[in-house]
Amino acid sequence: MKATHDDTTFTLTGEIWSATYPLEELPKWLRFYRARKARFPKAKGAYEPTIAALEALAMELGVTVPE
């Protein structure tokens with residue numbers, strides 16, 4: 001999973017999909033994927049790459065998203 005950004009949006013790019021969102025939605029999406037991981041432990045790490053990409057982007061942008 002890869003997360004990139006420009007001045008107003010960020011894009012998540014996976015192996016077979018990609019999606020672009022407004023930068024202000026970064027905390028919302030990080031919380032969403034963390035919740036998915038907690039709610040569906042049988043997914044066996046399926047959400048880890050997305051969470052890692054979003055956390056790295058948040059760190060790069062100086063956005064704090066409490067767990």
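Hydrogens, waters and symmetry mates play no part in the numbers below; they use all other heavy atoms, side chains included.
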Any donor-acceptor N or O pair under 3.5 Å, side chains Thr13, Ser18: no
Ring pair (Phe, Tyr, Trp, His ring centres under 6.0 Å) filter on Phe40, not counting sequence neighbours, yields none
Interatomic distance, OG1@Thr4 vs CD@Glu60, rounded to 0.5 Å, equals 9.5 Å
From Lys44 NZ over to Lys37 NZ, what is the distance, rounded to the nearest 0.5 angstrom? 13.5 Å
Hydrophobic clustering (ILVMFWY, side-chain heavy atoms < 4.5 Å, transitive) - are Met59 and Leu61 grouped together? no
What's the shortest heavy-atom distance between Ala53 and Lys2, and which atoms? CB-C, 4.4 Å
Mind checking whether Val65 and Leu26 have side chains closer than 4.5 Å, heavy atoms only? no
In terms of relative ring orientation, are Tyr33 and Trp29 parallel, tilted or perpendicular, with 30° and 60° separating the classes? tilted
Compare every heavy atom of Asp7 with every heavy atom of Leu23, then report the nearest pair and how far apart it is. CD1-O, 3.4 Å
Are Arg34 and Glu55 packed together at the side-chain level, in the sense that at least one heavy-atom pair is separated by less than 4.5 angstrom? yes
Nearest heavy-atom pair of Met1 and Trp17: which atoms, and what distance? CE-CZ2, 3.3 Å
Between atom CZ of Arg36 and atom OG1 of Thr50, what is the distance when rounded to the nearest 0.5 Å? 12.5 Å
Are any of the side-chain heavy atoms of Tyr21 and Thr9 separated by less than 4.5 Å? no
Return the minimal non-hydrogen interatomic distance between Leu12 and Leu54, and the atom names on each side. CD2-CD2, 3.7 Å
